[in-house]
Amino acid sequence: MKPLNFKIEKKIPNALGRAGVISTPHGDILTPAFVPVGTKGAMKGVTPETLLEVGAQVVLSNTYHLYLQPGDELVRNAGGLHKMMHWDGPIMTDSGGFQVFSLGAAYGKGISKILHPADPSLQIPERSSADDGVARLATIGADGVSFRSHIDGSLHYFTPEKSIEIQHNLGADIIFAFDECTSPTEDRRYQEEALGRTHAWAKRSLDYHKSKPNHEKQALFGIVQGGRDEELRRKSAQEIAKMTTFAGEEFDGFGIGGSFDKDDLHSAVRWVNEELPEDKPRHLLGIGEPEDLFMGVENGVDLFDCVAPTRNARSGASLYTKFGRMNLLNQEYRSDFTPIESDCGCYACKYYTRAYIAHLFRAKEMLAGMLASIHNLYFITHLVSGMREAILAGTFAEYKAEFFKTYSRK
RNA sequence: GCGUCGUUACUCAAGUGGUCUACGAGGGCAGACUGUAAAUCUGCUGACUUCGGUCUUCGUUGGUUCGAAUCCAACACGGCGCA
């Protein structure tokens, strides 16, 4: 029995994009779809009921974080992630591969998922091997990665098998192979070396997963890496796509990973999706700004997860609107008694004003982040489901043009 | 009335002769955030500025000193104690 089924409904003419349906043991995901991130088994400030209302179909949690706290065995004993967090829809778990990056090479350096051209100092290749003398919480070995817990400093070791085992305990519908997300500041030699590791780990993740009964109900996605280099990206996509166990079993879908120079994102996605088989779902890991979502969908991405909508909402009152992002904490909104967006159908816009939500932020009321998260999740979720509708209607280009007529990144 | 303590920027609050436009916190203003080390982080917050500086401020006034938020005197206001 297959844990996942993917059906393409319609394609964008002369492009890689498509609309489809992913079926999982916990329901269907209509694609393209945005996947809200609830790292520690909870959407920060949003209940599962509200998450549904906001338009979420599936959520993504994190292996590393849940392993540290409360512990994957406890999650298993609680009846699994679905039951524990009271979310009956599909769940995905990231493998912890991103933490290899964020707690490793990127640790303490201000390097994030996306580098902007304005950070020239960060773009110089800094090393070609593991040691540059900078303290970090994750160090990479041949067999796996050792992590120092960011919570209590305790030492932990992840191998591909360990990551998959934890993900089996968590019980998500879609799980990811353990990979190394590299920094764009690494040179090509390092990217190649890291890619070799990611592929070896992918194979071990696949072998281990398919050898366990869990593979009947949990789908495993392999992750493509390769940095900004076209040859490495295409090679990675091909290798991950054709990777099989001794019994001939393949990945059920693919993740596209990496930390990007903003300009490299587009080309990397296109190279990869030109190589990946059409009949399996593709997930662009950690990307979710509107302009990137359009780019991704157009280039054949089916799923996106991103912390941006919730983090922006919570931590800066940065809200998505059809005109671009607005900072609700700006002076001008103090006595603005209109909704965040007058034609938005979300709960926050239906009942509350900018002035009120801004007040809640200043007063440090929890409701502030909740309402802002609801709006941002609604916005992004609906933006992507709107793309799906447009693909089905054959009007993707028009939908995109209409959106960018008013939206600007500032 | 006498005694005593206090008065620092929007607020609270350090500072008791030069390194003081003056620590720190809050507030305010702005910015950042893309598989969540994140309800977080960064910058600015006396005025003017060609961004190198220039000028003005520590209750008020006067004084001591090369130099005062810091020492002295008087005054104003406030707390406490005694009448």
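Side-chain atoms are counted along with the backbone in the values below, which use heavy atoms only and exclude waters and symmetry mates. Everything quoted here is computed from the prediction, not taken from an experiment. Naming: A, B, ... by sequence-line order, numbering from 1 per chain.
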Distance-only check: which donor-acceptor pairs under 3.5 Å involve side-chain atoms of residues 360-369 of chain A, not counting sequence neighbours?
{"from": "A:Arg362", "atom 1": "NH2", "to": "A:Leu329", "atom 2": "O", "distance (Å)": "3.2"}

Could you list the donor-acceptor pairs under 3.5 angstrom formed between side-chain atoms of residues 53-60 of chain A and any protein atom two or more places apart in sequence or on another chain?
{"from": "A:Gln57", "atom 1": "OE1", "to": "A:Leu30", "atom 2": "N", "distance (Å)": "2.7"}
{"from": "A:Gln57", "atom 1": "NE2", "to": "A:Leu30", "atom 2": "O", "distance (Å)": "3.0"}

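In this structure A:Ser61 satisfies the side-chain contact (heavy atoms from CB on, under 4.5 Å) test together with A:Leu66, A:Leu81, A:Met85, A:Thr93, sequence neighbours excluded. In this structure A:Asn273 satisfies the side-chain contact (heavy atoms from CB on, under 4.5 Å) test together with A:Leu16, A:Ile256, A:Val269, A:Leu276, A:Arg282, A:Val301, sequence neighbours excluded.
A heavy atom lying under 4.0 Å from RNA chain B marks the following residues of residues 34-45 of chain A, by number: A:Val37, A:Thr39, A:Lys40, A:Lys44. The stretch residues 298-307 of chain A touches RNA chain B through A:Asp305, A:Cys306, A:Val307, each having a heavy atom within less than 4.0 Å of the strand.
The phosphate of B:A37 (OP1 or OP2) has a side-chain N or O of A:Gln99 nearer than 4.0 angstrom.
Sorted by first and then second residue, the salt bridge (Lys or Arg N to Asp or Glu O under 4.0 Å) pairs involving residues 205-217 of chain A (not counting sequence neighbours) are A:Lys203-A:Asp207, A:Lys210-A:Asp252. Annotation: salt bridge (Lys or Arg N to Asp or Glu O under 4.0 Å) contacts involving residues 72-91 of chain A, sequence neighbours excluded, are absent. Sequence neighbours left out, the pairs with a member in residues 348-360 of chain A that pass salt bridge (Lys or Arg N to Asp or Glu O under 4.0 Å) are A:Asp336-A:Arg354. Residue pairs meeting the salt bridge (Lys or Arg N to Asp or Glu O under 4.0 Å) criterion with at least one partner in residues 283-301 of chain A, sequence neighbours excluded, are A:Lys262-A:Glu291, A:Lys262-A:Asp292, A:Glu289-A:Arg325, A:Glu291-A:Arg409, A:Glu298-A:Lys400.
Taking atom C1' on both nucleotides, B:G26 is separated from B:U45 by 13 Å, rounded to a whole Å. Comparing B:U57 with B:G43, their C1' atoms are spaced 24 Å from each other, to the whole Å.
Residue A:His283 forms a ring-ring contact (aromatic ring centres under 6.0 Å, His included) with just one option from A:Phe34, A:Phe221, A:Phe176, and that option is A:Phe176.
Between B:C33, B:A37, B:U36, one nucleotide has an atom nearer to the side chain of A:Asn312 than all others, and that is B:C33. Comparing B:A38, B:U34, B:A37 by their closest approach to the side chain of A:Arg314 singles out B:A38. For A:Ser318, the listed nucleotide lying nearest its side chain is B:C33; candidates were B:A39, B:C33, B:A37. In the set B:A38, B:A37, B:U34, the nucleotide with an atom closest to the side chain of A:Ala308 is B:U34.
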Write down the protein N/O and nucleotide N/O pairs, taken from nucleotides 41-43 of chain B, whose separation is under 3.5 Å; answer none if there are no such pairs.
none

Using a cutoff of under 3.5 Å, can you pull out all pairs of nitrogen or oxygen atoms linking the protein to nucleotides 27-29 of chain B, with atom names and distances?
{"from": "B:G27", "atom 1": "OP1", "to": "A:Lys364", "atom 2": "NZ", "distance (Å)": "3.4"}
{"from": "B:G28", "atom 1": "O3'", "to": "A:Arg334", "atom 2": "NH1", "distance (Å)": "3.2"}
{"from": "B:C29", "atom 1": "OP1", "to": "A:Gln331", "atom 2": "OE1", "distance (Å)": "2.7"}
{"from": "B:C29", "atom 1": "OP1", "to": "A:Arg334", "atom 2": "NH1", "distance (Å)": "2.5"}
{"from": "B:C29", "atom 1": "OP2", "to": "A:Arg362", "atom 2": "NH1", "distance (Å)": "2.9"}

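Between A:His215 and A:His168, the distance separating the two ring centers is not shorter than 6.0 angstrom.
Nucleotide B:A37 is shown with a syn base, its glycosidic torsion being within 90° of 0.
No contact: A:Gly296 has no heavy atom under 4.0 Å from any strand.
When both pairing distances are held under 3.5 Å, B:A9 makes no Watson-Crick or G-U pair with any nucleotide shown.
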